[in-house]
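What you see is a predicted model; the values in this text were computed from it and never measured.
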Amino acid sequence: MGWPYRMIFDLSDDEKRHMRETLDWYGFVAQTSILVPLLAIQLFHIFHGLSDRRRRDAFSTVPSSSRLKHGQTGLGGSPRTLQHRLRMFMWWASEDSDLIGVHLGSKGGVSAVIAWGAWLLLLCFLETGDNYLHLTKRFGIVAASQLPFHYLLLLKSPYSPIQMIAQSSHETLNASHQLLGRLITCLLYSHAVLYLNLYVVNGLLIAKLKQAYVLCGVAGIIAFTV
């Protein structure tokens, strides 16, 4: 099975417009879909708060009978309750994750970024057909769509919307900021490598490196990496 993408340059005006609209749409989806995990985090905190309140109420109304007390507090029941699983998950997610001696962050943060990276990678390929140029541009627009949230994670303020929603410290959000930055860097480098391959294959590299917008793109990616 060969490479499914072709370098198509002779696009009609309708095809160019369709590609532009598709790029804008998937950039919009990539940027706004971050609201889904943020909503999930908020719901998790709400459920966790209600669970803690219910547990406190249960202990405050423990009956005098030892048999009833044993059943009401759940001390004699199976430990594999939803609350127990949540506590185990939070304990696991808070553990450090290292790779070849390099600290990556918490296991929960690394897992979240891997899942988010898989989602963004899917958005890079959907509805690109066999158009190599469309695929190349898609990597760039999906990467750029993550920059606003990336810098919101860096905001050090008690009024930070992300900090209030996630109910996390600045240090925790900063670790997520770094992980997301690595993910964005990978997408940007993929965008750059695909473009450079396009220029090399078609003998356009020298000519393109003399154009301002190409030089600005290369400088931007290098600056983002540094």
Worksheet entry | Reference residue Tyr5; test side chain to side chain contact (heavy atoms under 4.5 Å, CB included); the match among Thr136, Leu135, Leu194, Asn131 |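 Only one option passes, and that is Leu135.
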If you define the side chain from C-beta out and look only at heavy atoms, does anything of [X] sit under 4.5 Å from [Y]?
X	Y	answer
His134	Glu127	no
Leu153	Asn174	no
Leu173	Gln178	no
Tyr195	Leu133	yes
Asp24	Arg20	yes
Ile184	Leu188	yes

Worksheet item: How far apart are the C-alpha atoms of Leu23 and His18, what are their side-chain angles, what is the distance that settles it, and do they pass the side-chain contact (heavy atoms from CB on, under 4.5 Å) test?
Response: CA-CA 9 Å; Leu23 286 169; His18 175 70; over 6 Å; no
Any chain of hydrophobic side-chain contacts (each under 4.5 Å) joining [X] to [Y]?
X	Y	value
Leu122	Val36	no
Leu126	Ile8	yes
Leu121	Val29	yes

Worksheet item: Under the side-chain contact (heavy atoms from CB on, under 4.5 Å) criterion, do Leu187 and Cys124 qualify, and how do the steps go?
Response: CA-CA 9 Å; Leu187 294 173; Cys124 288; 4.2 Å; yes
Distance-only check: which donor-acceptor pairs under 3.5 Å involve side-chain atoms of residues 199-208, not counting sequence neighbours?
from	atom 1	to	atom 2	distance (Å)
Asn202	ND2	Leu198	O	2.8
Lys208	NZ	Tyr213	OH	3.0

Discussion item. Applying side-chain contact (heavy atoms from CB on, under 4.5 Å) to Gln31 and Phe149, what does each step give before you reach the verdict?
Written reply: CA-CA 8 Å; Gln31 188 172 70; Phe149 181 69; over 6 Å; no
Practice prompt. Would you please classify the geometry between the Trp119 ring and the Trp116 ring as parallel, tilted or perpendicular, with 30° and 60° separating the classes?
Written response: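 Ring orientation of Trp116 relative to Trp119: tilted.
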Worksheet entry | Mutual orientation of the aromatic rings belonging to Tyr151 and Phe224 [parallel < 30°, tilted 30-60°, perpendicular > 60°] | perpendicular
Practice prompt. Start with the C-alpha distance between Leu183 and Leu120, add both sets of side-chain angles, then the distance that settles side-chain contact (heavy atoms from CB on, under 4.5 Å), and finish with yes or no.
Written response: CA-CA 9 Å; Leu183 175 58; Leu120 294 181; 3.9 Å; yes
Worksheet item: Within the distance-only criterion (no hydrogens, no angle test), does the side chain of His177 pair as donor or acceptor with the backbone N or O of His150 below 3.5 angstrom?
Response: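 Yes, His177 side chain to His150 backbone: donor-acceptor pair under 3.5 Å.
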Worksheet item: Is a salt bridge present between Arg17 and Asp13, judged by a nitrogen-to-oxygen distance below 4.0 Å?
Response: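 No, this pair does not count.
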Discussion item. Whether Arg138 engages the ring of Tyr26 as a cation-pi pair (distance to the six-membered ring centre under 6.0 angstrom, angle to the ring normal within 45°) should be assessed.
Written reply: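 Arg138 over Tyr26 ring: yes.
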Worksheet item: Under 6.0 Å between the ring centres of Phe139 and Tyr189?
Response: no
Worksheet item: Has Phe125 got more than 12 heavy atoms of other residues, nucleotides or ligands less than 6.0 Å from its CZ?
Response: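 Count over threshold, so yes.
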